[in-house]
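I have placed the structure first, in the form of structure tokens, so that the comments after it can refer back to it.
Chain letters run A, B, ... following the sequence lines, proteins first and then strands; every chain starts at 1. This is a predicted model, so every value here is computed, not measured.
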Number of protein chains: 2
Amino acid sequence: MADRNDTDAIQTTNTSFEIIHALQELGPARLSAIADRLGLAESTTHRHLQTLSDLRYVSRDGDRYQIGLRFARLGRAAQTRDPAYEMAKPHIQELAEETGERAQFVVEDHGLGIYLHVETGSRAVRVGFGVGRQIHLHSSSAGKAILAHSPREHVDDILDQWGLPAHATNTITDRDALYDELETVRERGVAFNREEHVDGLNGTAVPVKRDGRAVGALAVAGPSHRLTGEWFEDEVPSMMLAAANELELNVTYASDASATDHIVE
Amino acid sequence: MADRNDTDAIQTTNTSFEIIHALQELGPARLSAIADRLGLAESTTHRHLQTLSDLRYVSRDGDRYQIGLRFARLGRAAQTRDPAYEMAKPHIQELAEETGERAQFVVEDHGLGIYLHVETGSRAVRVGFGVGRQIHLHSSSAGKAILAHSPREHVDDILDQWGLPAHATNTITDRDALYDELETVRERGVAFNREEHVDGLNGTAVPVKRDGRAVGALAVAGPSHRLTGEWFEDEVPSMMLAAANELELNVTYASDASATDHIVE
DNA sequence: CTTAGTAGTTCCGCCCTGTGGAATCTATCG
DNA sequence: CGATAGATTCCACAGGGCGGAACTACTAAG
């Protein structure tokens with residue numbers, strides 16, 4: 001429904017991925033259920049599932065189809081496409097440990113934030129916002145940290161594409177207000193999220209830069225009653241700044257010497 | 001090359017995934033490089049990349065295309081499609097810690113073994129065989145543990161499909177020898193890999209069963225000089241058996257009450 | 001044992017749409 | 001500025017993706 005068949009994209013490919021998305025949402029599902037949901041002929045659905053199954057991107061158990069484990073490989077490939085992403089992982093673990101809260105590494109792709117690493121500290125918050133999850137950039141600390149260090153024109157494109165939907169009571173929904181906020185983030189070097197994404201949830205983030213561009217952001221999130229005062233405003237941010245600083249050094253150094261281990265299929 | 005366009009699969013979908021695979025192998029690549037490699041017209045390649053980019057499964061940075069981070073989500077969906085998979089994770093972590101070696105949770109899909117969790121102990125072996133990696137079942141301890149507890153006919157299908165290629169000097173390449181080995185594994189409850197997959201690398205694994213069927217296997221792998229004697233033959237296996245036992249209980253109990261958290265797109 | 005019903009699979013002809021070649025546009029470099 | 005390489009757009013053709021209908025495989029009910 002939200003899917004746009006914009007210009008003239010290849011229909012067949014779109015349909016295949018629609019089926020994959022249906023499987024992702026439905027879990028194990030029968031052929032007829034998928035065909036129904038997508039308004040496709042059963043014969044068509046069958047051919048797609050057959051093809052995807054041959055490719056091992058769909059598994060079937062009896063008459064239930066489900067997403068294939070081969071996607072684990074592609075997911076991993078995405079998660080490691082930039083060596084910097086892997087370097088962030090230990091820092092996230094350390095931040096989760098030090099703060100006891102949830103620590104995350106978020107990257108921008110197609111104008112959205114994607115969680116690439118998530119580590120839950122001792123006083124873990126509920127699971128759910130796991131790896132691979134997508135969020136709007138304007139309503140999260142990590143997103144604002146990234147936007148603040150992206151060229152203005154790129155920010156405009158993103159806002160044009162995704163808008164500024166309200167997710168919680170404090171979400172910034174006004175463009176100019178967001179620009180002001182980003183200016184503050186740039187000055188301060190740290191972004192804050194005060195119940196802008198989910199009511200009752202605060203967060204703070206710092207950008208990780210390479211060659212002036214933000215490659216991602218380190219973030220810490222937790223319940224607003226626990227993330228307050230100096231701890232929230234100063235102590236956690238300084239831990240993150242230290243981590244980001246160290247990470248940036250690694251990233252810049254390794255940027256050429258990296259031997260991205262060859263993936264053989 | 002190894003890709004077969006078997007029966008009459010949908011060509012367009014195949015092509016789209018071939019492009020994705022090319023990106024997975026090449027990393028950031030130009031349009032022309034992809035078109036060349038796959039023998040496609042540039043216009044065709046362009047349309048596919050356009051479509052995949054609209055879907056956010058491909059990203060572009062200037063004139064370099066690369067795999068999109070949205071795959072992280074699908075990868076995650078695959079990794080959690082069965083709640084049992086997530087339950088295995090803490091056990092893998094514990095095994096890695098206890099043994100100091102590399103611990104893995106492997107599952108079968110389409111006749112191949114897929115690493116779903118990998119944790120490296122203190123005296124870590126080289127990275128590389130990470131999450132999402134695929135291996136033949138006949139040449140790994142985990143694979144043999146799984147095969148040993150699968151119906152004979154299913155084993156036959158798998159061997160028909162994938163054969164028994166030699167990966168290392170000790171790889172079992174004879175069908176009957178493998179059946180004998182599986183019998184031994186069944187009796188013993190533990191599978192061993194003595195440099196059958198990679199020279200210099202040993203491993204041992206135990207199945208994780210649910211309703212009699214193997215849903216996966218817990219495995220420990222390390223250099224053959226370190227994995228020897230009682231430690232290899234008895235001590236590590238008993239740790240694994242204990243873990244598997246506990247895991248199986250969780251898995252069987254939770255099998256119905258599970259509320260697979262709903263994924264909203 | 002038969003019959004009806006449900007779900008999956010195969011078949012088939014239509015015509016939509018995916019395809020490659022050529023033309024156009026864009027950027028980089030000599 | 002030309003010249004080249006690469007990306008993008010345009011276009012006509014026919015290959016192949018599509019849905020409807022026929023067929024098969026199971027189950028359940030009578």
Side-chain angles (χ1 to χ4, degrees), chain A residues 3-23 26-68 110 151 153-154 157 161 211, chain B residues 3-23 26-68 110 151 153-154 157:
Chain A
D3 277 332
R4 62 223 142 100
N5 20 351
D6 254 348
T7 41
D8 34 11
I10 297 179
Q11 259 316 312
T12 311
T13 298
N14 269 331
T15 305
S16 276
F17 275 102
E18 267 173 37
I19 288 175
I20 289 164
H21 295 157
L23 288 176
L26 296 173
R30 333 181 69 93
L31 181 144
S32 52
I34 301 163
D36 268 7
R37 162 181 267 253
L38 300 178
L40 294 171
E42 292 193 343
S43 54
T44 304
T45 310
H46 181 257
R47 249 157 78 72
H48 277 272
L49 286 170
Q50 191 90 354
T51 304
L52 291 169
S53 181
D54 283 351
L55 287 167
R56 306 207 311 280
Y57 286 114
V58 160
S59 314
R60 60 181 302 182
D61 190 28
D63 53 3
R64 298 296 173 119
Y65 290 89
Q66 58 184 328
I67 202 168
H110 284 275
E153 144 195 302
H154 187 213
D157 288 346
Q161 186 176 5
D211 312 326
Chain B
D3 277 332
R4 63 218 141 100
N5 20 354
D6 253 350
T7 42
D8 34 11
I10 298 179
Q11 261 315 312
T12 311
T13 299
N14 269 330
T15 306
S16 275
F17 274 103
E18 268 174 36
I19 288 175
I20 289 164
H21 294 158
L23 289 177
L26 297 173
R30 335 181 68 94
L31 181 144
S32 51
I34 301 163
D36 269 6
R37 162 181 267 252
L38 300 178
L40 294 171
E42 293 193 343
S43 53
T44 304
T45 309
H46 182 256
R47 247 158 81 72
H48 277 272
L49 286 169
Q50 192 90 354
T51 304
L52 291 170
S53 181
D54 282 351
L55 287 166
R56 306 207 310 278
Y57 285 115
V58 160
S59 313
R60 59 181 303 182
D61 190 28
D63 53 3
R64 297 297 173 119
Y65 289 90
Q66 59 184 327
I67 202 167
H110 285 273
E153 144 193 302
H154 187 213
D157 287 346

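Looking at Ile10(B) and Gln50(A), their side chains never come closer than 4.5 Å, going by heavy atoms from C-beta outward. Side chains of Ile34(A) and Leu49(A) form a contact here, defined as non-hydrogen atoms less than 4.5 Å apart. Contact of the Leu40(A) side chain with the Thr15(A) side chain is registered, since non-hydrogen atoms from C-beta on lie closer than 4.5 Å. Put simply, the side chain of Gln66(B) does not reach to within 4.5 Å of the side chain of Arg60(B), judged on heavy atoms. In this structure the side chain of Thr12(A) reaches within 4.5 angstrom of the side chain of Thr13(B), judged on heavy atoms.
The heavy-atom pair separating Glu42(A) from Ser32(A) by the smallest distance is OE2-CB, 3.5 Å. In plain terms, the two heavy atoms of Ser59(B) and Gly68(B) that are nearest each other are OG-CA, 3.4 Å.
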Below 3.5 Å is the cut-off: list the nitrogen or oxygen pairs between protein and nucleotides 13-19 of chain C, distance only.
unit_1	atom_1	unit_2	atom_2	d
dG18(C)	OP1	Gln11(A)	N	3.4
dG18(C)	OP1	Thr12(A)	OG1	3.4
dG18(C)	OP2	Gln11(A)	N	3.2
dG18(C)	OP2	Arg47(B)	NH2	3.3
dT19(C)	OP2	His48(B)	NE2	3.0

Report, one pair per line, the protein and nucleotides 4-8 of chain C atoms (nitrogen or oxygen only) whose separation is under 3.5 Å.
unit_1	atom_1	unit_2	atom_2	d
dG8(C)	OP1	Leu31(A)	N	3.3
dG8(C)	OP2	Ser32(A)	N	3.1
dG8(C)	OP2	Ser32(A)	OG	3.2

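Rounding to the nearest 0.5 Å gives a distance of 11.0 Å between NE2 of His46(A) and CD1 of Ile19(A). Note that NE2 of His110(A) is 13.0 Å distant from CG of Asp157(A), once rounded to the nearest 0.5 Å.
Each end of the helix from dC1(C)-dG30(D) to dG30(C)-dC1(D) yields a helix axis from five base pairs, and these two axes differ in direction by 30° (to the nearest 10 degrees).
Aromatic pair Tyr57(A)/Phe17(A): centroids not less than 6.0 angstrom apart.
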